[in-house]
Amino acid sequence: MKVALGCDHGGFALKEQIVDLLRQLGHEVVDFGTMNGESVDYPEIAAAVCEPVAAGECQRGVLICGTGIGISMAANRNSAIRAALCTESFSARMSREHNDANVLCLGGRTVGPGLAEDIVRVWMVTEFEGGRHLRRIKMF
Ligand code: RB5
């Protein structure tokens, strides 16, 4: 898959790890930065990542800030985006099966590297179930 990735300074270290992981898994990564630990504004990164996902140029997006909260709020302002903030793997799986999440949000300061990797692995391979869930996501 082609995956758009972005982070603010609070998510920079984890973003670098997730870029490597996604490439190892055979995905094409488009990295929208940030490229170092200097302070940046996460709404701008969220908008940059969500644009190609909404346009269908990237199949998925991953966004990382300190907690994942602000960047998920910003991402969900785009009406084509279903961004899910996940702090454990069960929610990651459900966000795909039931919500067809097209953007995964993580907190660089809230999840450790092992858990974050597990969340991403699960989220990338889980399919949307459709059916009644499709009806529901069409309602918003
Ligand atoms: C930046 O300090 C921090 O506010 C940001 O990374 C994020 O946690 C916001 O929700």
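This chain uses plain numbering: 1 for the first residue, then up along the sequence. Bear in mind the structure is a predicted one, so any value in this text is a computation, not a measurement. Counting starts at 1 for both ligands and their atoms, following the listed order.
- Of all protein heavy atoms, the one lying nearest to atom 9 (C) of ligand 1 is Tyr42 CE2, 3.5 Å.
- At the top of the distance list for atom 10 (O) of ligand 1, counting protein heavy atoms only, stands Gly70 N, 2.9 Å.
- Side chain of Asp41 to backbone of Pro43: no donor-acceptor contact under 3.5 angstrom is found.
- With sequence neighbours excluded, the residues that form a side chain to side chain donor-acceptor pair (under 3.5 Å) with Arg93 are Glu97.
- The N/O atoms of Gly66, backbone and side chain alike, include one that comes under 3.5 Å of an N/O atom in ligand 1.
- Annotation for ligand 1: atoms under 4.0 Å from non-hydrogen atoms of Cys65 are 6 (O), 7 (C), 8 (O), 9 (C), 10 (O).
- Listed for the Gln59 side chain is no donor-acceptor partner under 3.5 Å among the backbone atoms of Val3.
- At a 3.5 angstrom cut-off on N or O pairs, Ile69 does not count as close to ligand 1.
- Ligand 1 lies less than 4.0 angstrom from a heavy atom belonging to His9.
- Partners of Glu57 by side chain to side chain donor-acceptor pair (under 3.5 Å), not counting sequence neighbours: none found.
- Formation of a donor-acceptor pair under 3.5 Å by the Asp31 side chain with backbone atoms of Gly33 is found in this model.
- Protein heavy atom nearest atom 3 (C) of ligand 1, with residue, atom name and distance: Arg109 NH1, 4.0 Å.
- Only side-chain heavy atoms of Asp8 come within less than 4.0 Å of ligand 1; its backbone N, CA, C and O stay farther off.
- Residue Thr67 places at least one N or O, backbone or side chain, under 3.5 Å from an N or O of ligand 1.
- Listed for the Asn76 side chain is a donor-acceptor partner under 3.5 Å among the backbone atoms of Ser72.
- Between Cys7 and Val40 the shortest heavy-atom distance is O-CG2, 4.4 Å.
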